[in-house]
Protein chains: 2
Amino acid sequence: MAVTMNDVARAAGVSLKTVSNVLNDYEFIRPATKQRVHDAIAELGYEANLTARSLRSGKTRMLGLVLSDLSAPYYAELASRLMTVASRRGYRVLVEQSGAAAESELTALQGPFRQLTDGLLFTPLAMEADAVASRRGSKPVVLLGEHIVDPRFDLVTMKNEEAATAVTAHLLAAGRRRIAVVGARSEESAGTSGLRLNGYRKALDDAGITFDPALVAPGEWRRDSGAAAVAGLLDSGIPFDAVFGLNDALALGAMHELLVRGVKVPQDVAVAGFDDIDEARFASPSLTTVSPGMDEIAERSIGLLIDRIEGLETADDGVHVEAGFMLKIRESAP
Amino acid sequence: MAVTMNDVARAAGVSLKTVSNVLNDYEFIRPATKQRVHDAIAELGYEANLTARSLRSGKTRMLGLVLSDLSAPYYAELASRLMTVASRRGYRVLVEQSGAAAESELTALQGPFRQLTDGLLFTPLAMEADAVASRRGSKPVVLLGEHIVDPRFDLVTMKNEEAATAVTAHLLAAGRRRIAVVGARSEESAGTSGLRLNGYRKALDDAGITFDPALVAPGEWRRDSGAAAVAGLLDSGIPFDAVFGLNDALALGAMHELLVRGVKVPQDVAVAGFDDIDEARFASPSLTTVSPGMDEIAERSIGLLIDRIEGLETADDGVHVEAGFMLKIRESAP
DNA sequence: CTGTTTCATTACATCGTTGCAGATGTTGGC
DNA sequence: GCCAACATCTGCAACGATGTAATGAAACAG
């Protein structure tokens, strides 16, 4: 049905292989021949069959992106940028949602998804380092986030601890003394939540304030859990004068609940988040948060992954990249 | 390197073709043979090579999704659901961002992207019906949205006009008389924006209120344009007592600007949106909006597309599906 | 003028699967 | 006990490209 290389070859009066050579920028082709081939391609409207090319070459020019849920704004914004950056280097991105379940992460890592891609950007949330290490296969994997920090893996991450310290210090500098944290994952001391919590504690320490575990509320990283966590805190009667949401969705949910309950933000309780999703700027009051350098993360992670795929990056140990951050002071915690 | 069908065949003591038959659920295979093949597959850890299968069968089991920008919350939430629904039927979704540019839409429709997918969910925003019709190729295309409504195409959409009438009627019922609209696209009278605007005008007509073009502000469908549009209205001194954002992002941006300027929502100006993204529930005040039946849209559009691909749907004319809507009355316009 | 190098092109095998047509074995009717 | 009918399995070609190696032609040195 479709036009094949053979048709082009016939039309140009050359062999099939010469057409292939032209398309692959083989060095030694007479300009006249090249021209004839290009003319034939244009005339017939030939387009290379990517599937056949993949079968023969073993490359798909697709990158896998495994994340928990594309509807989470941080991931949506990240995915959008990753796709844009990847396309500049001639790659597409195929997204797989894991729901943060170990089982799904495993199938994304090992299953057919892997075949379809030349390399993987993987945000592990459930699987541990050894499990990933033993199943990562032979194609490049670049980890995103900080659930797994291990010299065996390439990793692109952000300054979670420093940034969390900066946000907390900002709240402290504004006179807040009882800063609740929402979104902690009790089970993990490392990982994103652990690091941000560490940053928070470090700021408290630096200010000579005792850490109060009662101010730490667990929760999934969604708006509704942020709201629920704050509802719990308010109902329990524990006093607090600020809320640090471990990500923006949590913080925005928390802020919503505060306002619904008649608590003034920032007068009674200041609120800060983490991620600087677009929504944060337009919340009311606008949300003080940390911009974790998403553009840099997108650039570097795609760059690193493609360099690995194309053999341009050959470090034996994992390359670790940490993007810079910026504190965004807005109305919710001026 | 990897285990192939040939290896399995050898291990099971059958021909390569029999292995293929087993995997493709060919009817006439002795249970014992089937068992031996399955055992061999398990033992060797065989996984079918999807690329080879695609080359031979001409199917990729991937669906293309073309939308303007994955970071827009409505599209992010929709994409997430589409991927979930598709995976239940054994398909993956490959996303392509068009930026609402005709050129990008055209390459998504005609270019290599098309080869990689068995069918396309296409949200046209720039291209017109004839252009799409003449370039849609032979594989199924299901349109999303209402930029193109044409009997030649399968289409899954929502009750834009009715829903917009309902929202507007709700604002009118609450006593609002000067309802500004933000996000109009001057160039289009049909299309999503045109339909929602029609709905708005219909509600005005029903209430016997004259339409005032000065209340209609154009803008891209993003938070920042919503804010800018409201800033323009306020600066121009045109009085208004409600804002209808043609989508939630616009409405949320508009609401932000109102609050920043000290305009009380809903007391001074009520705000309503369209889409019911998760963010709307957690905005402060929470946003009155229309839930356009996103789950239904996801189910039906994937279902229709896959039915076309698999030949289960054979209607000659385009199938048009319109999801139901629900008005979500919240604090911003009680 | 011959032998070697360099350029330009080609033939053939191959990637791992599925479609098609045919081969073999098995059953049942008479 | 034979043949038709059916069940079960197999071989070969093909999908459309690329890698390898070989061939032919031109250029150059001695």
Side-chain angles (χ1 to χ4, degrees), chain A residues 1-38 40-41 44-62 90 112 114-116 118 138-139 310-311, chain B residues 1-41 44-62 90 112 114-118 138-139 310-311:
Chain A
M1 207 87 237
V3 182
T4 77
M5 256 188 190
N6 230 321
D7 302 329
V8 174
R10 214 181 343 262
V14 297
S15 78
L16 186 159
K17 187 69 230 255
T18 296
V19 178
S20 170
N21 284 339
V22 169
L23 290 177
N24 291 283
D25 290 317
Y26 178 65
E27 197 180 356
F28 302 118
I29 304 176
R30 237 181 313 212
T33 311
K34 198 179 286 191
Q35 191 55 51
R36 262 186 303 142
V37 170
H38 279 130
I41 287 175
L44 299 177
Y46 167 77
E47 292 206 343
N49 180 315
L50 300 181
T51 307
R53 179 173 287 175
S54 288
L55 176 59
R56 190 65 248 246
S57 69
K59 302 279 176 189
T60 63
R61 295 196 80 81
M62 291 212 284
R114 210 54 202 293
Q115 278 187 32
L116 296 169
D118 294 342
S138 54
K139 292 180 188 168
E310 300 183 348
Chain B
M1 208 84 240
V3 181
T4 77
M5 257 188 192
N6 230 322
D7 303 327
V8 174
R10 213 180 345 261
V14 297
S15 78
L16 187 161
K17 187 68 233 252
T18 297
V19 179
S20 170
N21 284 338
V22 168
L23 290 176
N24 291 284
D25 290 317
Y26 178 64
E27 195 179 355
F28 302 116
I29 304 175
R30 235 179 314 208
T33 312
K34 199 179 283 189
Q35 190 55 51
R36 262 187 304 145
V37 169
H38 279 130
D39 289 349
I41 287 174
L44 299 177
Y46 167 77
E47 292 205 343
N49 181 314
L50 301 181
T51 307
R53 178 172 289 174
S54 288
L55 176 59
R56 189 64 249 245
S57 70
K59 302 280 175 188
T60 64
R61 296 196 79 83
M62 291 212 284
R114 211 54 203 293
Q115 279 187 29
L116 295 169
T117 55
D118 294 340
S138 53
K139 292 180 189 170
E310 299 183 348

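- Atom-to-atom, CG of B:Asp25 to P of C:dT18 comes out at 11 Å; the value is rounded to the nearest Å.
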Query - Nucleic acid footprint by protein, nucleotides 3-10 of chain D - heavy-atom cut-off 4.0 Å, B for base, S for sugar-phosphate alone - result: ----SBBB
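- Each salt bridge (Lys or Arg N to Asp or Glu O under 4.0 Å) pair with one or both residues in residues 15-29 of chain B, not counting sequence neighbours, would appear here, but there are none.
- Atoms CG (A:Leu44) and P (D:dG16) sit 14 Å apart, rounded to a whole Å.
- Atom-to-atom distance recorded for A:Leu16:CG and A:Asn6:CG is 4.5 Å, nearest 0.5 angstrom.
- Judged as a side-chain contact (heavy atoms from CB on, under 4.5 Å), and not counting sequence neighbours, the contacts of A:Glu310 are A:Arg61, A:Arg89, A:Tyr91, A:Ile306, A:Leu312.
- At D:dA17, none of the side-chain N or O atoms of A:Ser20 fall inside 4.0 Å of OP1 or OP2 (strictly under the cut-off).
- For the pair A:Met5 CE and C:dA11 C1', the interatomic distance rounds to 16 Å; values are reported in whole Å.
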Return all side-chain donor-acceptor pairs below 3.5 angstrom for residues 45-54 of chain B, not counting sequence neighbours, or 'none' if the list is empty.
residue : atom : partner : partner atom : Å
B:Asn49 : OD1  : B:Thr51 : N            : 2.9
B:Asn49 : OD1  : B:Ala52 : N            : 2.8
B:Ser54 : OG   : B:Leu50 : O            : 3.0
B:Ser54 : OG   : B:Lys59 : O            : 2.9

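- Whole-Å rounding puts the A:Arg10 CZ to D:dA17 C1' distance at 15 Å.
- The side-chain heavy atoms of B:Val37 and B:Ile41, taken from C-beta on, include a pair separated by under 4.5 Å.
- With sequence neighbours excluded, the residues forming a side chain to side chain donor-acceptor pair (under 3.5 Å) with B:Asp118 are B:Thr60, listed by chain and number.
- A:Arg10 pairs by the side chain to side chain donor-acceptor pair (under 3.5 Å) definition with A:Asp7, not counting sequence neighbours.
- Listed by chain and number, the residues in a side-chain contact (heavy atoms from CB on, under 4.5 Å) with B:Arg36 are B:Val14, B:Thr33 (sequence neighbours excluded).
- Against DNA chain D, the stretch residues 46-61 of chain B makes heavy-atom approaches under 4.0 Å through B:Leu55, B:Arg56.
- A rotation axis mapping the C1' atoms of four pairs onto the next four is fitted at both ends of the helix from C:dC1-D:dG30 to C:dC30-D:dG1 over five pairs, and the angle between these axes is 50° to 10 degrees.
- Taking A:Asn24 as the reference, A:Ser20 meet the side chain to side chain donor-acceptor pair (under 3.5 Å) condition, with sequence neighbours excluded.
- For A:Asn6 and C:dC12, the CG to P distance is 13 Å, given to the nearest whole Å.
- A donor-acceptor pair is defined here as one N or O able to donate and one able to accept, closer than 3.5 Å; such a pair exists between the side chain of A:Lys139 and the backbone of A:Arg114.
- For A:Ser15, the side chain to side chain donor-acceptor pair (under 3.5 Å) partners are A:Thr18, not counting sequence neighbours.
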